[in-house]
Protein chains: 2
Amino acid sequence: MGRSKTESFGVRQNRLAEIAKALAHPARVAIVEFLAKQDACVCGDIVDVLPLSQATVSQHLAELKRVGLIKGEIDGPRVCYCIDRKAWNEARTLFSQFLTDVKQCC
Amino acid sequence: MGRSKTESFGVRQNRLAEIAKALAHPARVAIVEFLAKQDACVCGDIVDVLPLSQATVSQHLAELKRVGLIKGEIDGPRVCYCIDRKAWNEARTLFSQFLTDVKQCC
DNA sequence: TCAATTTATCGTAATATTACGATATACTAA
DNA sequence: TTAGTATATCGTAATATTACGATAAATTGA
C-alpha cells in the first residue's frame, strides 16, 4: 500500500505522530531551533544558515507550517516565520505526557 | 534526490530527528504505549490489538528496535519486546530540553 | 520426527519524502 | 513602470515508507 492507516488510531496518537513526523528531519529541527534563538522572528536567513537550497528550505517550512508548529506572516517582500506558541505548548504537553507515562516494562 | 543530508547537521539534531521519525507513525506510538501498559513485556499480542497484518507490525517493531527505543528478547518460540529504559531516558531528555528551550519568538 | 505456532524476512505495489533547478508570484524601491 | 529581491510553487528524479501475502526460520509440544 504505502498509505498510513491513520483512521485506525486515536486522535491523540495521530496528532503525536504528526508532530513527530514534522520533527523527523534534522533540517526541520534546525529550523525550529534557529527560529527560537532569534528573539524576533527572522525569516529567510534560514536559507543562508542551512546547507540546503531555497526551494528545499521553503518546502521544510511549509511542512512545519502545515502541522501548525510555526506560522508565517507576510512582511513586505519577505515572510516572517515564528514558532506558534499555542501549537508548541500542545506539542510539549503531548510529548511530555507520552514520554513520562511510558515507563520501563522489564 | 530523496536522501536526507544528515551529514550537514549536528549529532544531537540528527538523533532527535531519528527518534522523532521512529515515533512518526500512529502504529508505533500505539505499540510503545501498549508495551508500557503491560507491566511485563508482552509480545505478539500487539498483532491482535493493532489493525495491521503480522508482517507490518513486525516491520514497525523492527524500526523501533533499530532506533533503540525497544528491545526484543527471544523467549521460546516468541519474542518478548519491551521499552529500552536507557534509550527512553535519552529520548525524554532530548525532547524535554528541545521542547522547553524553544520558546515563542513573537 | 512432525505438526503447530510464532516471528522475521522477501517480494512487491502504492505512495510519500527529499532535494533542486526553473519559474512564477508578490512586493519594494527607484 | 520597471528592475531587483524574497518566497512559493512546479516539475522531476532518487529514494524511503507503508502495507501485505507468501514464505522461511525457529521452537514447542505431541
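Just so it is clear: chains get the letters A, B, ... in the order the sequence lines come, proteins before strands, and each one is counted from 1.
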Quick one: do A:E18 and A:K21 make a salt bridge, cutoff under 4.0 Å?
-> no
May I ask you to say whether B:R15 pairs ionically with B:E90, meaning some side-chain N is under 4.0 Å from a carboxylate O?
-> yes
List the protein contact pattern of nucleotides 22-30 of chain D with one symbol per nucleotide (5' to 3'): B for base contact, S for sugar-phosphate-only contact, - for none; contact means a heavy-atom distance under 4.0 Å.
-> B----SS--
Of the residues in residues 14-33 of chain B, which ones touch DNA chain C at a heavy-atom distance under 4.0 Å?
-> none
Stretch residues 59-66 of chain B: residues that reach within less than 4.0 Å of DNA chain C through a heavy atom = none
So do the side chains of [X] and [Y] get within less than 4.5 Å of each other, counting heavy atoms only?
X     : Y     : answer
B:L94 : B:R12 : yes
B:D75 : B:V79 : no
B:Y81 : B:L64 : no
A:L16 : B:L23 : no

For C:dT6, does either OP1 or OP2 sit under 4.0 Å from a side-chain N or O belonging to B:Y81?
-> no
Between D:dC20 and B:T56, is there an OP1 or OP2 to side-chain N/O distance shorter than 4.0 Å?
-> yes
Separation of B:I70 atom CD1 from C:dT7 atom P, in whole Å?
-> 12 Å
Rounded distance (Å) that lies between atom P of C:dC27 and atom CD of A:E73 | 14 Å
Can you see which heavy atom on [X] is nearest to which on [Y], and at what distance?
X     : Y     : value
B:K65 : B:G72 : CE-N, 4.2 Å
B:A30 : B:L50 : CB-CD2, 4.0 Å
B:L52 : B:H60 : CD1-CD2, 4.0 Å

Aromatic ring centroids of A:F98 and B:W88 under 6.0 Å?
-> yes
